[in-house]
Amino acid sequence: MRQDESLILDMMLDGKPSRFVLGPLACLDLGRFVAHPPPVYVMDAKVAEKHPQWLEQVQEGCGDFRRAALKITGGEGAKTMARLEEVYGWLGEQDLSRDGTIVAVGGGSVLDMAGMAAATWRRGVNFVAIPTTLLAMVDAAIGGKTALNAAGIKNPVGVFHPASGILADCGFLASLPCLEWRNGLAEMIKTAIIGDPRLFAHLYHSRDRLTALVRDNDAAAPIPGVIGALPWRRWIGQAARVKARIVNQDFREQGPRRALNLGHTLGHVLEAWSQDTDRPLSHGEAVSIGMAVVFRIAAERGTCPVESAVQVIELLEACALPVSYRCPPPDVLDRLLAGDKKQSAREGLRWVLPERIGKMDISGRLAAPEIVKWLD
Ligand code: GLY
């Protein structure tokens with residue numbers, strides 16, 4: 001893909017079209033996804049602060065004189081009933097009708113929560129996602145999952161409500177803090193492992209350059225020169241293509257889509273448990289640990305080549321992502337695993353276990369002692 005070209009991926013989710021556009025001017029396409037009346041925007045306040053002119057330009061671009069925008073604080077704190085209620089209150093003030101559109105601008109948590117608002121406001125309004133983080137571009141924005149956290153569990157509340165348009169512009173990434181790059185890399189590596197061995201090989205062979213970018217950088221600071229340093233647009237496009245292919249095939253996660261939960265079953269448990277500690281894990285960090293553990297287990301069982309496990313762990317470490325963690329007490333582990341959203345009373349908890357790069361077993365079984373053994 002040339003720098004000035006857009007990548008377009010078309011999906012049909014629940015019988016409705018959902019288009020992913022990746023390109024420098026992707027957001028100027030917004031008008032195509034919005035019918036009358038003009039949309040309302042739910043935007044990450046930090047993104048608004050870092051890109052002061054952006055919203056105005058986009059609003060002008062689609063002839064929007066209503067200019068209704070709610071700025072919210074991003075992060076996991078956005079994914080609560082209380083925040084959703086605030087959004088409902090604001091949508092009421094805006095008098096958003098059934099044929100209206102909510103445009104969400106931000107990272108995964110803002111998109112998850114605003115997507116939930118779009119799915120439920122007046123029983124569902126049109127939704128457009130403008131992902132501004134690497135993680136949201138390669139994963140959260142694609143495939144129509146919306147979510148809130150509740151009951152001390154990550155994402156147990158949510159509905160499927162695909163965005164009609166997902167408009168990804170790498171320009172946002174220039175100001176992304178280093179920790180967010182690591183989070184996004186974890187999901188990009190996951191997607192490559194599941195569905196694109198060539199992307200995995202590219203990432204693996206670029207690991208020294210990845211390390212140079214993310215290892216010593218202050219987690220809260222942007223990475224100088226990051227955009228030109230590596231072929232991000234190509235990689236984002238490759239990862240998005242895998243995700244789009246999978247969700248198009250299995251929107252409601254009855255089969256192949258489960259593979260996208262690689263590293264997430266344990267990851268969600270650790271992420272939820274660590275929130276009460278002095279160093280909460282970010283989503284990408286938790287998923288990284290979850291992936292490392294299932295690769296170790298599969299390699300020990302002999303169901304996955306040891307070399308694949310070694311490469312995955314080397315790549316995660318090269319991206320300054322953790323690959324081990326102190327084990328929660330057994331009762332906590334059991335309780336949190338029992339609360340995992342993918343738990344089925346009939347089937348019990350199924351794990352995604354790697355067989356090799358590019359092939360996953362989506363119905364794996366794990367015993368708690370194996371997790372304990374390979375977690376720390
Ligand atoms: N993030 C996993 C999925 O969309 O299924």
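Order of appearance sets the numbers: ligands from 1, and atoms from 1 within every ligand.
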Begin from the C-alpha positions of Asn248 and Met12 and carry the test side chain to side chain contact (heavy atoms under 4.5 Å, CB included) through to its verdict. CA-CA 6 Å; Asn248 210 26; Met12 192 55 88; 4.1 Å; yes
So that I can tick it off, tell me whether Asp196 and Arg241 are bridged by a salt bridge, with the cut-off set at under 4.0 angstrom between side-chain N and carboxylate O. no
To the nearest 0.1 Å, how far is atom 1 (N) of ligand 1 from its closest protein heavy atom, and which atom is that? Asp139 OD2, 3.0 Å
Heteroatom distance test (Arg257, ligand 1): nitrogen or oxygen, under 3.5 angstrom: yes
Applying a 4.0 Å heavy-atom criterion (strictly less than), which segment of Lys243 is in contact with ligand 1: side chain, backbone, both, or neither? side chain
With a 6.0 Å cut-off on the ring centroids, do Trp181 and Trp232 count as close? yes
Near Lys145, which atoms of ligand 1 are under 4.0 Å from a heavy atom of that residue? 2 (C), 3 (C), 4 (O), 5 (O)
Just by distance, with hydrogens left out, do Ser175 and His51 show a side-chain donor and acceptor under 3.5 Å apart? yes
Examine ligand 1 and decide if any of its atoms is less than 4.0 Å from a heavy atom belonging to Arg258. no
Can you tell which part of Val247 has a heavy atom less than 4.0 Å from ligand 1: side chain, backbone, both or neither? neither
Consider only side-chain N and O atoms of Glu187 and His264, and report whether a donor and an acceptor are under 3.5 Å apart. yes
